[in-house]
Protein chains: 2
Amino acid sequence: MTPARTPTPTAAPRGRRAARSSGDERESAILATAERLLHERAFADISIDDLARGAGISRPTFYFYFPSKDAVLLTLLDRVTEEAEAACGDVLVRLAEDPPARWRELITRFHETFGGHRAVVLACAQVRGTNAEVRRLWATVMERWVQAIETAIEAERRRGAAPAGLPARDLAIALNSMNERVWYATFAGDGPAVAERDVVDVLLDVWLTAIYRTTPPPPA
Amino acid sequence: MTPARTPTPTAAPRGRRAARSSGDERESAILATAERLLHERAFADISIDDLARGAGISRPTFYFYFPSKDAVLLTLLDRVTEEAEAACGDVLVRLAEDPPARWRELITRFHETFGGHRAVVLACAQVRGTNAEVRRLWATVMERWVQAIETAIEAERRRGAAPAGLPARDLAIALNSMNERVWYATFAGDGPAVAERDVVDVLLDVWLTAIYRTTPPPPA
DNA sequence: GGTCCAATCGACACAGTGTCGATCCGGTGT
DNA sequence: ACACCGGATCGACACTGTGTCGATTGGACC
């Protein structure tokens, strides 16, 4: 199951369908239907028939645009991670300006991007268990973030702002993992969760103490 | 879907099947088959027919013992969490003796229990997205742990060992979430992960700095 | 006005789930 | 010794959803 085949073989940006014709609107319609339906029910409870009907086509025609239901989600995820990537931009390279403020900015940006597409993100977290492609894309994206954080931590250590400690990569993995799981609980409202308006403060506090091993004024 | 109906209505310990007769062995056989198959492939790739055949019965007969595939996993999860609960025992009440050592003990015990049943734990993490009952059980269990940690943090603060800071509950949620996600990655070998032999050290370090806001000697 | 091909769908094959009714069989009461 | 009861078992069915194949449409381009 590749993300999506390219019915009209006219340049395939990001491996998805491309090009003109009414078929393009159809693809958008499928994606829009998926994101809309995800607000009402779980991904597993959405059938290909639902997506097809929502886009005004029959089920077999759906397969002309996407090889599977999962491929639709994969496309959606791709967009969200791109948006997150863009939202963070150069925050990390400006870290030294004012570390706490920059870290907060970073976490806030992520929070807003994920929160704005919570339906998609939650769905991905759910099928990551069953779908190898989603798992791979997610892993790839996370690896990029981990490396970015790892690099930033090392830079802070080099310039003497942060003390030595855990291997930077391990610390980066732990902190990223924490964020992912905490956001999941908060957005899904499933199990013990931090309130949405507090979650950035909580995450930031753990990040700062873990990285700088110092005591910033308690945010509460 | 309740965990399992009770075919022979003769006391239902933990809501599962009870009592004598060859039917009891059958139920065990199903559970054993499930845990065995989980070592080879994902839960979603195991059919009820696989479980039934593995236990030497037909598919309809499976339904005599469990109302669904998920119920089997639910029973398995139940056992693991009970084991974890038992393994931790009274570690937290003995915290004041030697906090770093006790926290390490706690995390190590969890690590060993989960690691010993990683197939079951990973499967649960995967279906948690699609199955409401697993989600609920998981949430319940995690809530218990969060409360235990929250209480411990508050005790440490009261006796002056830990400084004030984030609401203890939020901190407990964040740390528990981190552990869960980090262990998942480590055991699943999926995406960025901490090496299995380092994971306790890494988690412990973040816990200690987040709770005590002090600098213990870096473990590496 | 004919050709081509993207786009479309009806109909099929398949896999898995859950249910119903019939049957088997070991223990129990008389 | 025998009829009976209910736990245990399974064959066969209905249903849902997926993915594929072959045939049809209709607009663009020669």
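Letters go in sequence order (proteins before strands), and every chain restarts at 1. In what follows, every heavy atom counts, from backbone to side chain, and hydrogens, waters and symmetry copies are set aside.
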Worksheet item: Out of D/dT9, C/dC9, D/dG11, which has the shortest distance to the side chain of A/Ser58?
Response: C/dC9
Item to complete: Among D/dT18, D/dA12, D/dG7, find the nucleotide with the atom closest to the side chain of A/Lys69.
Response: D/dT18
Fill in: Any B/Thr61 side-chain nitrogen or oxygen under 4.0 Å from OP1 or OP2 of D/dA8
no
Response to the item:
Atom CG of A/Asp45 and atom P of D/dT18 are separated, to the nearest Å, by 11 Å
Practice prompt. Nearest whole angstrom, please: distance from the P of C/dC24 to the CZ of B/Phe64.
Written response: 18 Å
Worksheet item: Side chain of A/Ile48: nearest nucleotide among C/dA6, D/dT18, C/dG18?
Response: D/dT18
Discussion item. So, taking the atom named OG1 in B/Thr113 and the one named CD in B/Glu82, what distance separates them when rounded to the nearest 0.5 Å?
Written reply: 12.5 Å
Worksheet item: In whole Å, what is the span from the CZ atom of A/Arg26 to the C1' atom of C/dA6?
Response: 13 Å
Worksheet item: Under 4.0 Å between a side-chain N/O of A/Ser47 and OP1 or OP2 of D/dG17, yes or no?
Response: no
Worksheet entry | salt_bridge(B/Arg169, B/Glu143) N-O dist < 4.0 Å | yes
Worksheet item: Which nucleotide sits closest to the side chain of B/Arg59: D/dG19, C/dT17, C/dA7?
Response: C/dT17
Worksheet item: What is the distance, rounded to the nearest whole Å, between atom CG of A/Leu51 and atom C1' of D/dT18?
Response: 13 Å
Worksheet entry | Distance below 4.0 Å between A/Tyr63 side-chain N/O and C/dA7 OP1 or OP2 | no
Under 3.5 Å, side-chain donor or acceptor atoms of residues 117-130 of chain A against the rest of the protein: list the pairs with distances, not counting sequence neighbours.
unit_1: A/His117; atom_1: ND1; unit_2: A/Glu35; atom_2: OE2; d: 3.4
unit_1: A/His117; atom_1: NE2; unit_2: A/Glu83; atom_2: OE1; d: 2.9
unit_1: A/His117; atom_1: NE2; unit_2: A/Glu83; atom_2: OE2; d: 3.4
unit_1: A/Arg118; atom_1: NE; unit_2: A/Gly115; atom_2: O; d: 3.0
unit_1: A/Arg118; atom_1: NH1; unit_2: A/Glu196; atom_2: OE1; d: 3.3
unit_1: A/Arg118; atom_1: NH2; unit_2: A/Glu196; atom_2: OE2; d: 2.7
unit_1: A/Arg128; atom_1: NH1; unit_2: A/Glu180; atom_2: OE2; d: 2.7
unit_1: A/Thr130; atom_1: OG1; unit_2: A/Val127; atom_2: O; d: 3.2

Worksheet item: Please give, in whole Å, the distance from C/dT17 P to B/Ile46 CD1?
Response: 11 Å
Practice prompt. Round to the nearest Å and state the distance from A/Phe43 atom CZ to D/dG17 atom C1'.
Written response: 13 Å
Fill in: d(CZ, A/Arg41; P, D/dG17) in whole Å
10 Å
Practice prompt. Find the distance B/Asn131:CG to C/dT17:P and express it as a whole number of Å.
Written response: 14 Å
Fill in: Any donor-acceptor N or O pair under 3.5 Å, side chains B/Asp78, B/Thr75
no
Pairs of donor and acceptor atoms involving the side chains of residues 51-60 of chain B, under 3.5 Å and at least two apart or interchain, shall be tabulated with distances.
unit_1: B/Arg53; atom_1: NE; unit_2: B/Asp49; atom_2: OD2; d: 2.8
unit_1: B/Arg53; atom_1: NH2; unit_2: B/Asp49; atom_2: OD2; d: 3.3
unit_1: B/Ser58; atom_1: OG; unit_2: B/Thr61; atom_2: OG1; d: 3.1

Practice prompt. Would you mind telling me which of D/dG11, D/dT9, C/dC9 lies closest to the side-chain atoms of B/Pro60?
Written response: D/dG11
